[in-house]
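Notes for the one structure printed next.
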Amino acid sequence: MIKTAIIGASGYTGLELLRILALHDKAIVTAVTSRQYAGKQVTEIFPSLIGHYDEMTFIEPSEIRDVDAELFLCCLPHGTSMEAVPILLKAGKKVIDLSADYRIKDVATYEKWYQAHSSKDLIAEAAYGLPEVFGRETIKNADLIANPGCYPTGATLALAPLVKAELIKNSSIIIDAKSGVSGAGRTANIATSFMEIAEGFNAYKVGEHRHTPEINQSLGLLAGAEVSVTFTPHLLPIKRGILSTVYADLKDTGSHTTASLLEVFRQNYADEPFINICEEGVLPNINEVAGTNNCSIGLKLDSATGRVVVISVIDNLVKGASGAAIQNMNIIYGLCETTGLISVPL
Ligand SMILES: NC(=O)c1ccc[n+]([C@@H]2O[C@H](COP(=O)([O-])OP(=O)(O)OC[C@H]3O[C@@H](n4cnc5c(N)ncnc54)[C@H](OP(=O)(O)O)[C@@H]3O)[C@@H](O)[C@H]2O)c1
């Protein structure tokens, strides 16, 4: 059994990890941290977990050094993660970090979009954990995994086959993405409270969302050149899920059809257990991936404009965070990648 500990287990991604690991037959959770709930039983705070973690209590983050675990799943806010991760690595532990702290390879870019970095030296050794796009080898051999952001996961999966095959003008990419409210985390905030969100729908952080440099980095690596996308996030009045609508101009408008573009995606993701490419004429719905580690992708060639429109859906808490973390854990430990992750939508 792989012994795991969850740091920041009282938040949404931590809860999701507890939910997934409750049914994982090759890994167990030995410790969970929370400052606000330290000393309280996990099932008192999360009654949905009754029957799975009945004996477990939250501990203070400072107690994490004494925990019997080999893999630490770090669900802390960015900035806090970079303080915890070096200590764990120094103690010989493996870490999957769900924050943004080790995702951006260029330190100046990270510091421009986030904050000063206190463990810059570790950024280079972190493997970016999006196996469907960047392969498994670096993940398998890394002690530190930078788990991708939720919006970058949906957007990159929707664009990678087109960028890799050099079918689109990269300067034309527009990503119009809509996320459920859990993407903002569990901490109380007026802007994401029920009364502010319910029955409304708004764009936010237009041209300045922190996931922009992460998307640019991934697409740039695939293109072998700098890519700069237009990324507009929106807040959907639902609990979980991201739908990304991606627009891009085809380089050669005359030689494609919707069917031929779908075929590019099918071939690109042929061996991927979590990616579903929709049939022609079918577009994905967030409902069909809720609670799963799946990403469903549909597309249409807009022949009037020569633009391809790709729609991807993921659950931000699963493929966009905790499910991806467990997929990465399975890769690190040589397990079947789907272990603990096969589920039907909620
Ligand atoms: N939500 C998503 O869809 C999503 C998707 C991908 C990635 N992520 C990233 O994953 C990380 C966790 O996200 P989340 O949505 O689970 O956030 P969250 O709901 O706000 O939970 C944050 C967790 O960190 C703990 N924490 C906060 N500040 C801390 C500190 N200074 N020291 C120790 N513990 C601290 C909190 O517990 P206490 O306050 O009780 O200590 C809580 O358990 C973030 O970096 C986020 O950007 C989130």
Side-chain angles (χ1 to χ4, degrees), residues 5-20 29 31-42 44-46 57-65 72-85 87-88 95-104 110 113-115 118 128-130 145-156 177-189 191-192 205 209-211 214-215 233 235-236 238-244 286 289-291 293 295 313-328:
I6 304 173
I7 312 182
S10 62
Y12 285 143
T13 60
L15 171 59
E16 200 62 24
L17 280 169
L18 284 166
R19 185 178 79 86
I20 295 168
V29 181
V32 289
T33 79
S34 163
R35 295 164 307 167
Q36 58 182 312
Y37 301 131
K40 290 201 189 299
Q41 269 191 301
V42 169
E44 181 190 338
I45 305 306
F46 297 133
T57 51
F58 288 103
I59 61 169
E60 287 284 354
S62 57
E63 294 174 71
I64 202 73
R65 291 166 203 236
F72 288 72
L73 296 149
C74 200
C75 302
L76 298 169
H78 66 84
T80 308
S81 229
M82 66 172 80
E83 290 164 16
V85 169
I87 298 165
L88 295 167
V95 180
I96 298 178
D97 180 32
L98 278 75
S99 87
D101 282 352
Y102 300 96
R103 294 181 199 150
I104 310 279
Y110 176 89
W113 288 82
Y114 289 87
Q115 62 181 87
S118 61
Y128 189 72
L130 191 57
I145 305 293
N147 219 55
C150 48
Y151 281 124
T153 297
T156 308
K178 299 102 188 162
S179 173
V181 185
S182 59
R186 191 162 177 257
T187 307
N189 180 345
T192 52
K205 295 195 176 159
H209 192 283
R210 283 170 163 159
H211 284 170
E214 188 181 334
I215 298 169
L235 195 52
L236 272 178
I238 61 173
K239 288 204 253 184
R240 52 203 293 161
I242 293 178
L243 186 147
S244 306
I286 282 174
V289 294
N293 198 48
C295 172
V313 292
I314 59 166
D315 184 323
N316 56 294
L317 292 176
V318 190
K319 185 59 184 156
S322 306
I326 298 306
Q327 186 181 351
N328 286 323

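Whatever order the structure lists ligands and atoms in, that order sets their numbers, starting from 1.
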side-chain hydrogen bond (donor to acceptor under 3.5 Å, both in side chains) with H78: which residues, sequence neighbours excluded?
Q115, R210
Any residue meeting ring-ring contact (aromatic ring centres under 6.0 Å, His included) with Y110, in chain and number order, not counting sequence neighbours:
Y114, H117
Can you check whether Y151 reaches I242 side chain to side chain, under 4.5 Å on heavy atoms?
yes
What residues form a side-chain hydrogen bond (donor to acceptor under 3.5 Å, both in side chains) with R103, not counting sequence neighbours?
E214
Quick one: does S81's side chain have a donor or acceptor within less than 3.5 Å of a partner on P77's backbone?
no
Do S179 and N316 have side-chain atoms, one donor and one acceptor, less than 3.5 Å apart?
no
Show me a pair-per-line table, with atom names and distances to 0.1 Å, of protein N or O atoms that are under 3.5 Å from an N or O of ligand 1.
residue	atom	partner	partner atom	Å
ligand 1	1 (N)	S182	O	3.0
ligand 1	3 (O)	N316	ND2	2.9
ligand 1	10 (O)	L98	O	3.4
ligand 1	16 (O)	Y12	N	3.3
ligand 1	16 (O)	T13	N	2.9
ligand 1	16 (O)	T13	OG1	2.7
ligand 1	19 (O)	Y12	N	3.1
ligand 1	19 (O)	R186	N	2.7
ligand 1	20 (O)	T187	OG1	3.4
ligand 1	28 (N)	R35	NH2	3.1
ligand 1	31 (N)	R35	NH1	3.3
ligand 1	37 (O)	S10	OG	2.9
ligand 1	39 (O)	R35	NH2	2.9
ligand 1	40 (O)	S10	OG	3.2
ligand 1	40 (O)	S34	OG	2.6
ligand 1	40 (O)	R35	N	3.3
ligand 1	40 (O)	Q36	N	3.1
ligand 1	40 (O)	Q36	NE2	3.2
ligand 1	41 (O)	R35	N	2.8
ligand 1	41 (O)	R35	NE	2.8
ligand 1	43 (O)	G8	O	3.1
ligand 1	43 (O)	S10	N	3.1
ligand 1	43 (O)	S10	OG	2.7
ligand 1	43 (O)	G11	N	3.2
ligand 1	45 (O)	L76	O	2.7

